[in-house]
Protein chains: 2
Amino acid sequence: MTEKQEKILTTALQLFADKGYDATSTSKVAKAAGVSEGLIFRHFGNKEGLLNAIKQYGMEKAALVMGPILEEEDPKKIIKAALEMPFCIPKNQDPFWKLLYALKWQEDIYDNSMSDPLRHKLEGAFAKLKYKNPEAEAELVLILIDGVATSILLRKCENSEQVMQSVLAKYEL
Amino acid sequence: MTEKQEKILTTALQLFADKGYDATSTSKVAKAAGVSEGLIFRHFGNKEGLLNAIKQYGMEKAALVMGPILEEEDPKKIIKAALEMPFCIPKNQDPFWKLLYALKWQEDIYDNSMSDPLRHKLEGAFAKLKYKNPEAEAELVLILIDGVATSILLRKCENSEQVMQSVLAKYEL
DNA sequence: ATTTCCAGAGTGATTAATCACTCATTATTA
DNA sequence: TAATAATGAGTGATTAATCACTCTGGAAAT
């Protein structure tokens, strides 16, 4: 990956996350990255190719957070680690997640491939703990993760820590 | 409100919710609504004016669902009604909420004005029930509402009902 | 050790299409 | 007839994408 290639990628991520994918033109990306517009198309084919490159770039780093949880065996630790995930996201990955959450709403089909491994892991954990409906409980944890992540990314609440305390209490963790 | 005015409004809402606000041109709205493009600007001034009209149009109907909860006095009923809100949204209001949730991510400052009345009502309810941290509990309910609404709007899960059962159980409702 | 060669990085002018928006004109209604 | 509703061609700006082109560093050939 060239220096300019990486500059394009990070600049586009910033703009896409901040202003929105559709609202950000390739010419603005080029100008902000200090690069000719043609270079974007040389390296990434088209605007969507640039977006896909950003997604892949971010997913590789996201896998590092998800990985250890999928290795864990203690059910309570699995649930706790999952619920604490939104707090483990480093600040410099915020734009990537903002972009991903924003895109959910305009993609035709929702992609479960990212959350499915965690869902299955959680279902197993709740089953071990003799919860009545492990599938629904797993789904609920995923909803909580999304909700907390959303409120953090949008800076909607300053007391996320206390909210998380309330959540953990409900699972006796 | 003229027949064509309403046609513009509902058509734009459909397209904005489905394809995104930025990705939907006024000419596409006009064509889909079977109306001249100029008419949009005559009635709504500009594209943002059209968006604002849609917001107001939807908020008036949303207030009908929110209203009764703010009147309620029994704390347990308040919490239960709040958590069940996502299920009370009629199907024909889905596009409006899809649009609203999508827009959250590209607006510069998040607008709390809609959720604040409910937040305060919930804080009061949790305080009455002697919860340790009413503010955090209220915030958590709002997060749950957003999360469940999201999963319903994106048709991410088919077992929302069971998820809600799990949620209500955690509040002993 | 020169010279030749070439692949790929990078440029910026340019394309056709589309964008939000305007306006003079016509149709409809009161 | 007066006012309003509606039209659709037209504006300049901007869009994503393409184009022919230059520059550069290293491999190959002499």
Side-chain angles (χ1 to χ4, degrees), chain A residues 1-58 95-96 98-100 102-108, chain B residues 1-58 95-96 98-100 102-108:
Chain A
M1 177 123 58
T2 322
E3 186 182 334
K4 298 219 174 190
Q5 254 174 306
E6 195 153 6
K7 183 67 182 170
I8 292 170
L9 227 51
T10 55
T11 305
L13 172 54
Q14 285 288 343
L15 292 175
F16 287 170
D18 201 41
K19 310 290 180 189
Y21 173 73
D22 288 309
T24 303
S25 66
T26 51
S27 75
K28 280 177 188 162
V29 173
K31 193 166 289 182
V35 141
S36 74
E37 192 174 359
L39 192 60
I40 293 175
F41 294 93
R42 168 154 291 262
H43 284 310
F44 305 102
N46 53 32
K47 195 184 176 186
E48 196 185 349
L50 174 58
L51 177 62
N52 289 334
I54 289 173
K55 282 182 184 172
Q56 195 181 349
Y57 186 85
F96 170 68
K98 269 190 79 170
L99 175 58
L100 224 60
L103 287 174
K104 288 203 299 195
W105 296 96
Q106 51 182 310
E107 277 170 358
D108 296 324
Chain B
M1 179 123 61
T2 320
E3 186 183 334
K4 299 221 172 187
Q5 254 174 305
E6 195 154 5
K7 183 67 181 169
I8 292 170
L9 226 52
T10 56
T11 305
L13 172 54
Q14 285 287 342
L15 291 175
F16 287 171
D18 202 41
K19 309 290 180 188
Y21 174 73
D22 288 309
T24 303
S25 65
T26 51
S27 75
K28 280 177 188 161
V29 173
K31 194 167 289 182
V35 142
S36 73
E37 193 174 358
L39 192 60
I40 293 175
F41 294 92
R42 168 157 219 89
H43 284 310
F44 304 102
N46 53 32
K47 195 185 177 186
E48 195 185 350
L50 173 58
L51 177 62
N52 289 334
I54 289 173
K55 282 183 184 172
Q56 195 180 351
Y57 186 85
F96 170 68
K98 267 189 81 170
L99 175 58
L100 225 58
L103 287 175
K104 288 203 299 195
W105 296 95
Q106 51 181 308
E107 278 169 358
D108 296 323

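Labels below follow one simple rule: chain letters A, B, ... track the order of the sequence lines, proteins then strands, and each chain is numbered from 1.
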Original post:
Going 5' to 3' on DNA chain C, which nucleotide is the first and which the last to come under 4.0 Å of a heavy atom in chain B?
Top reply: C:dC19 to C:dT22
Original post:
Under 4.5 Å between any side-chain heavy atoms of A:L99 and B:W105, yes or no?
Top reply: no
Original post:
Within 45° of the axis and under 6.0 Å from the centre of the six-membered ring of B:Y21, does NZ or CZ of B:K47 qualify?
Top reply: yes
Subject >> Presence of salt bridge, A:K19 and B:E107, under 4.0 angstrom >> reply: no
Original post:
Taking C-beta and beyond as the side chain, do A:L103 and A:K55 meet within less than 4.5 Å on heavy atoms?
Top reply: yes
Original post:
Between B:T2 and B:Q5, is there a donor-acceptor pair closer than 3.5 Å when you use the side chain of the first and the backbone of the second?
Top reply: no
**OP:** Compute whether any side-chain donor of one residue and acceptor of the other, for A:T26 and A:E37, lie under 3.5 angstrom apart.
**Re:** yes
Original post:
Does the side chain of B:F16 reach to within under 4.5 Å of the side chain of B:K98, using non-hydrogen atoms?
Top reply: no
Subject >> Length of the line joining B:K4:NZ and D:dT7:C1', which is rounded to integer Å >> reply: 9 Å
Original post:
side chain to side chain contact (heavy atoms under 4.5 Å, CB included) between B:V35 and B:T11: does it pass, once the steps are laid out?
Top reply: CA-CA 11 Å; B:V35 142; B:T11 305; over 6 Å; no
Subject >> Inter-axis angle, terminal five-pair segments of the helix from C:dA1-D:dT30 to C:dA30-D:dT1 [nearest 10°] >> reply: 10°
Original post:
So which of residues 36-45 of chain B are in contact with DNA chain D, with a heavy-atom cut-off of under 4.0 Å?
Top reply: B:S36, B:G38, B:L39, B:R42, B:H43
Subject >> Test applied, side-chain contact (heavy atoms from CB on, under 4.5 Å); reference residue, A:I8; option that passes from A:L13, A:I54, A:L39 >> reply: A:L39
**OP:** Would you classify B:K31 as touching base, sugar-phosphate or nothing, given that sugar-phosphate means primed atoms plus P, OP1 and OP2, and contacts are heavy atoms under 4.0 Å?
**Re:** nothing
Original post:
Side-chain contact, heavy-atom cut-off 4.5 Å: A:I40 with A:N46?
Top reply: no
